[in-house]
There are 2 protein chains.
Amino acid sequence: MPTNAALAETAALIGDPARAAMLAALLDGRALTAGELAAAAGVTAQTASGHLGRMTEAGLLAMERQGRHRYHRLATPAVARLIEGLLEVAAAAPRRAVATGPRDAALRQARTCYDHLAGRLAVAMADAMRARALIELTPDGGAVTPAGQDFLADLGIHATPARTRLFCRPCLDWSERRPHVAGVLGAALCSRCFELGWVRRRAGGRALEITPVGWAGFADAFGIAPEAVRG
Amino acid sequence: MPTNAALAETAALIGDPARAAMLAALLDGRALTAGELAAAAGVTAQTASGHLGRMTEAGLLAMERQGRHRYHRLATPAVARLIEGLLEVAAAAPRRAVATGPRDAALRQARTCYDHLAGRLAVAMADAMRARALIELTPDGGAVTPAGQDFLADLGIHATPARTRLFCRPCLDWSERRPHVAGVLGAALCSRCFELGWVRRRAGGRALEITPVGWAGFADAFGIAPEAVRG
DNA sequence: GCGATGCTTCGGCCGCGGCCGAAGCCCCGG
DNA sequence: CCGGGGCTTCGGCCGCGGCCGAAGCATCGC
C-alpha cells in the first residue's frame, strides 16, 4: 500500500529532533528565516538547510524569499493541527521526568497556535462568545450571528464581507482539551488583540503575556474573569 | 524544551515503515495479534515484538493478553486521529506516483475509522441526521435531540442512559474533509450497521462493503441516495 | 509429562541518515 | 565592482537503530 509509505515518510520527517524543533518553533504561525530556525534547532546553517529543503519538498513547510533571507512557515493549517495532535498524544504518554516548569504554565495560559490564540484565554473567549450567542460553532464550520457582527465591529473587526466563511475548527489544543476559535475569525481576533495591545509576545517562545490593558479589555468586552485564565 | 523531545520521539516512533504499517492496520479499531501485525508489516515475529513493545510503552498502543495470544490495539482515539491527520498531510503532499487505485476508491466510499464509520457513507449519515435535527454537533461535544432518541431507538440503539455523552468529534477524515459522527454514538451506529448486515468488512483491509440490505436501509432510515455515496 | 505454537530476549551485522567543514552561489550595500 | 552575510551543495565521518538467527519463556492440546 503506497499510502502507508507516505505515512511513515511524513512521520519520520517530523520525527527528527532538529526538524521537530523547527516545526515547534513555527507552530505559532510566524515565518522565520533559515538562520533563526538553525539556531532554534541547535544545528549549523548547512544542516538546517538540508532539513528545510526536505520539509518543504514534502509539503510541510512553505518558503518565501525576501532579499537575501528565506522565510519558512508551516505550509497549511493541517500541518499545525498535526503537530498539535502529536503534542497531545506525546503529552498523554506515560510521564517521563516531565518537570512541568513555569514555561509550560505560561503556555497553558495563552499562546498563539498557527495564526490564532490558544490556551485558557482562547477557550474562555470562545465560551464567552458562544454563551452570548455571538457565534455558533459546528464541527465543519461556524457562523457569526448578527449580534456577533455588531460585537466584532465594536472590537474593530470589520473584515466580514457577507459570505466570508468565518469558520471555527476545533483545534482542540493539547493543554485545554477544549475548542477555541480558529480559522479566519480566529486569525482576525488574534491580530486585533495584538493591535489593541491586549497581548504581547513573551521573550522565550510562543507563550503570550496578557497586558494590564488586556485584562481589562477581556473582562470588559468578553466578561472574562482573570481568575478563569490565570493559573 | 522537553516537550519538543517528546514530539520528535513520538513522531519518530510512527515514522518507521514497519511501525507505520502496523498502526495503519490497527486504524480500523480492531485488535490484532502480534503475529498478524508482524505479517502486516512484513517483518519477522521478533522484530515486530520489539516494535510493539516500544509503541505500547510510548502510549500509542494498548495490549491485552488472551491465552497465548497478545492482542494489540490503538491506545486512544487521539492516536487514531493523529494517524488520520498524518495521512491527510501526507496525501496533500506533492503527488509522487499516487496511482489512486480501486482500493482507494473503496476506502473513500466507506470504511471504519477506529470504532466508527468514515468515508462518504458516514458523512452522508451525519448530514442526514443534522438536516432532520436528530443530532446537534458542536466542536467540543454534541447532543441527541428527543427526536433523535426516537430515531435511534427505532434503529435499535437504546444505549443512552440520560446523561451519557454521545459526543461527536469531527474526525475530519482525510478523504472527505468533512466531519462525521464519532464518539460513543459513532461507535454505536457503526456496530449496529454491522449487526443489521448493512455493511460488511471487505477482504483486503478496512474498506467496507455496503450490502443490498444496507443500501435499502440507509435510504429508508436516513434518506441517503446511493449515488451520493457511490463513487 | 511432551511437543507445538505464539511471543520475547539476546547478540551481532549493516546501512541509512544526521552532522559538520569547506567551498560555492546569490543578493545586498557601498 | 567588490566585500560580506545568508543560504545551499558537496564529501566524508560516525553512530543510532532496524533487521534477523538463535535461544528462552509462556501457554495450549493431548
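The figures that follow rest on heavy atoms only: side chains count, while hydrogens, waters and symmetry mates do not. Everything numeric here is computed off the predicted structure, so don't read it as measured data. In what follows, chains are A, B, ... by sequence order, proteins preceding strands, each numbered from 1.
Here the closest heavy-atom approach between residue B:G197 and residue B:T211 is recorded as O-OG1, 2.6 Å. Across A:F194 and A:V199, no two heavy atoms sit closer than the pair CD2-O, 3.8 Å.
If you take CD of A:Q46 and P of C:dA23, they are 13 Å apart, rounded to a whole angstrom. Computed from coordinates, the B:L52 CG to C:dC7 C1' distance equals 10 Å when rounded to whole Å. Rounded to whole angstrom, the span from the CZ atom of B:R65 across to the C1' atom of C:dG6 amounts to 12 Å. If you take CD of B:E36 and P of C:dG6, they are 11 Å apart, rounded to a whole angstrom.
Taking a heavy-atom distance under 4.0 Å as the criterion, the stretch of DNA chain D touched by chain B extends 5' to 3' from D:dG18 to D:dC28.
Contact annotation for A:A45: base contact, defined as any heavy-atom pair under 4.0 Å involving a base atom.
Around CD of A:E195, the count of heavy atoms belonging to other residues, nucleotides or ligands within 6.0 Å exceeds 12.
Looking at which nucleotide of DNA chain C each of B:A48 and A:T47 is closest to, the 5′-most match is held by B:A48. Between A:A18 and B:G50, the residue whose closest nucleotide on DNA chain C is further toward the 5' end is B:G50.
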When the side chains of residues 19-27 of chain A are checked against the rest of the protein, which donor-acceptor pairs come out under 3.5 Å, sequence neighbours left out?
unit_1: A:R19; atom_1: NE; unit_2: A:L13; atom_2: O; d: 2.5
unit_1: A:R19; atom_1: NH1; unit_2: A:H51; atom_2: ND1; d: 3.1
unit_1: A:R19; atom_1: NH2; unit_2: A:A12; atom_2: O; d: 3.4

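Looking at A:L155 and A:F222, their side chains come closer than 4.5 Å, going by heavy atoms from C-beta outward. Using a 4.5 Å cut-off on side-chain heavy atoms (C-beta onward), B:L86 and A:I14 make contact.
Under the 6.0 Å distance and 45° angle rule, A:R230 counts as a cation-pi partner of A:W215.
For the helix from C:dG1-D:dC30 to C:dG30-D:dC1, the angle separating the two terminal helix axes comes to 30°, with each axis derived from five pairs and the value rounded to 10°.
Under 3.5 Å, the side chains of A:Q46 and A:S49 contain no donor-acceptor pair of N or O atoms.
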